[in-house]
Amino acid sequence: MSGHPFKTRFAPSPTGLLHLGNIRTALFNWLLARRHGGVFLLRLEDTDAMRGHEKYAVALQEDLRWLGLNWDEGPGVGGAHGPYAQSERGGIYKEYFEHLERQGLAYPCFCTEHELAIERKVAIAAHRPPRYSGKCRGLTPDAVRARLAKGEPATLRFRIPGARKVGFDDKVRGPQVFDTADIGDFVIRRSDGTPAFFFCNAVDDALMGVTLVVRGEDHLTNTPRQILLLEALGLPLPEYAHIALVVGQDGAPLSKRTGSKSVEELRAAGYLPTALNNYLARLGHTYESNALMDSETLAAGFVVEKLHKAPARFDESLLRHWQAEAVKHATAEELWQWMSSRSRVGELVPPAMALDFVHTVRENVTFPADAHNWAQSLFGPPQQFAPEAKALIRATGSDFFGYARQMLEREPGEFKSYGRALSEVSGAKGKSLYMPLRAALTGETHGPEMDRLWKLLGRERIKQRLDSAFELCQS
Ligand code: GLU
């Protein structure tokens, strides 16, 4: 619609910590807003009096900011369509409830949970869709008044218009048509007065000027209801894109219950935002390029039409691949900050050597815990050898390490010249020269390049480590 900027939104219910599936939805909305030079809005769907929802509302905003998914409108940022928490919009909803009631488009329903449950069971047993029977639809105004006056709890139901089709063109799933005959009158206000999801979610999208709703396909069948509601209220309809869900290796939708990690846990484990963004933007969406991209580049290439219809399968090894890529592309300063805030490398590596340490180990590090292990091997006590390293040192024997110590006195300079000199006196060449040295210096049989390690460790540490290896051979 002209005059309306392209606007997407993320509308989480703060009932728990965000996990990968949630932030993928947030990311897709963010990417589309950026791609189209539009607005990304955040709305908190906190209408239930849920325990702990403030804590989760704070946590989810922290997660989004950490990922760089900043919102242009919403909590803490403001905008022309606030408030942005549904718990603060009661007055707005009230007007729309009244409007619907006045028009006869909504009616109070006195059916109890128990009655409704029985009705659903009967319908299912008779192979009918378990929709509301319409029992309270025809109550006379007098009957309604009398029951309300008695204090009988009532929900408010939206009156589904008689047989007609509701259609929309889903941006991912294509044309969709539903029959109103299959949709029962649904609750838009609970008996405690709080608005139901169908209602406030749709009303807010319209009032907040959202033009494209990108959400999980579990909401697909909610959409015809919401369209009918918006039509009844004379409010504008957004476009919809229902994205395929993320499933685990077992094919079940990813959720906390099935072991999907929260963003908070991933952050604590040291995943980098760029890694998550690159992984998630490709989870059910195709880019031409397999290169690591920054968020703006991811946005430039993000196209709704390229979203897959089939469920996206979560693959931890791919996420780790993007993590390794993100580490590869980060600056040494960023990596030091990252590893030292999430592990104890700062206590092990002398401050003046921090960046040299990063340069030396970065190709062998995917998580802060890896960096910590290297810091421990290189700057911790020298006598800690991994089992393979221990076996190799013993098999090499004390003669070799005796020469290695002597050569250190004579050739303390570059690793190359040291290696040559040691080869001459010990007779060891190639692998049989470098591997025992590596095992002695790092306690490992694999790892960073030797000449870098040599420089980083410095003569004193090298000497201590060769002594330890020598002693190990003699013990
Ligand atoms: N609060 C809803 C949810 O978390 C929002 C659904 C939607 O995006 O419309 O599922």
Side-chain angles (χ1 to χ4, degrees), residues 7-33 38-61 63-64 69 71 73-75 81 83-89 93 168 170-173 176 186-190 194-230 233 235-246 253-257 260 262-263 280 284 304 307:
K7 194 185 278 190
T8 60
R9 51 57 159 186
F10 180 49
S13 312
T15 51
L17 294 174
L18 295 185
H19 61 86
L20 281 174
N22 304 127
I23 47 163
R24 173 172 169 265
T25 305
L27 174 68
F28 285 11
N29 278 287
W30 185 92
L31 290 170
L32 286 166
V39 173
F40 175 59
L41 178 145
L42 175 65
R43 179 174 71 235
L44 298 174
E45 303 220 315
D46 55 353
T47 56
D48 294 312
M50 300 164 291
R51 240 186 320 139
H53 89 246
E54 270 129 33
K55 179 179 82 194
Y56 293 129
V58 170
L60 74 88
Q61 294 180 57
D63 289 346
L64 292 175
L69 308 183
W71 51 101
E73 237 188 282
H81 307 86
Y84 292 96
Q86 291 186 327
S87 57
E88 295 168 28
R89 296 174 64 80
Y93 303 138
F168 62 98
D170 191 89
K171 295 284 219 183
V172 176
R173 313 205 62 83
Q176 305 290 314
F186 58 87
V187 173
I188 54 177
R189 189 179 62 207
R190 303 186 191 95
T194 56
F197 163 76
F198 288 130
F199 176 85
C200 46
N201 175 267
V203 166
D204 284 348
D205 281 338
L207 296 181
M208 293 180 180
V210 172
T211 58
L212 175 63
V213 168
V214 180
R215 61 183 178 186
E217 69 180 353
D218 48 330
H219 286 289
L220 186 68
T221 54
N222 296 336
T223 302
R225 291 175 175 80
Q226 297 193 303
I227 289 176
L228 289 168
L229 199 50
L230 292 176
L233 289 167
L235 290 172
L237 299 179
E239 288 194 288
Y240 293 92
H242 288 94
I243 55 176
L245 299 180
V246 187
L254 213 60
S255 74
K256 219 166 69 189
R257 222 169 13 86
S260 164
S262 66
V263 179
L280 294 172
V304 168
L307 285 168

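Note that these values count all heavy atoms, side chains included, but never hydrogens, waters or copies made by symmetry. Note that ligands are numbered from 1 as they come in the structure, with each ligand's atoms numbered from 1 the same way.
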If you measure every N/O of V214 against every N/O of ligand 1, is any gap under 3.5 Å?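 For ligand 1, there is no N or O atom that lies under 3.5 Å from one belonging to V214.
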Which pairs count as salt bridge (charged side-chain N to carboxylate O under 4.0 Å, His left out) when at least one residue sits in residues 221-230, sequence neighbours excluded?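 Counting only pairs at least two positions apart or across chains, no salt bridge (charged side-chain N to carboxylate O under 4.0 Å, His left out) contact touches residues 221-230.
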Pick from Q61, E54, E88: which one makes a side-chain contact (heavy atoms from CB on, under 4.5 Å) with L44?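 Answer after filtering Q61, E54, E88: Q61.
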With a 4.0 Å cut-off on heavy atoms, does V213 reach ligand 1?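 No, V213 has no heavy atoms under 4.0 Å from ligand 1.
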Only counting residues at least two apart or in another chain, list the ones meeting side chain to side chain donor-acceptor pair (under 3.5 Å) with D204.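 Testing D204 for side chain to side chain donor-acceptor pair (under 3.5 Å), a comparison that skips the adjacent residues, returns Q86, R89, Y93.
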Smallest separation among heavy atoms of P14 and A57, with atom names: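 So the two residues come closest at CB-N, 3.8 Å.
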How close do F198 and L229 get, counting heavy atoms only, and between which atoms?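 Scanning both residues, the minimum pair turns out to be O-CD2, 3.8 Å.
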Region of [X] that comes within reach of ligand 1 [heavy atoms, distance under 4.0 Å]:
X    : value
R9   : side chain
F197 : side chain
T25  : neither

Hey, which atoms in ligand 1 end up nearer than 4.0 Å to a heavy atom of E45?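 Those qualifying, in numeric order: 1 (N), 2 (C), 5 (C).
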Identity and separation of the nearest protein heavy atom to [atom]:
atom                   : result
atom 5 (C) of ligand 1 : A11 O, 3.2 Å
atom 6 (C) of ligand 1 : H219 NE2, 3.3 Å
atom 4 (O) of ligand 1 : S13 OG, 3.4 Å

For the atom pair OH (Y84) and CG (L41), what is the distance rounded to the nearest 0.5 Å?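 CG of L41 is found 6.0 Å from OH of Y84.
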N222 and R215 side chains, donor-acceptor separation under 3.5 Å: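 On atom types as modelled, these side chains do not qualify, holding no pair under 3.5 Å.
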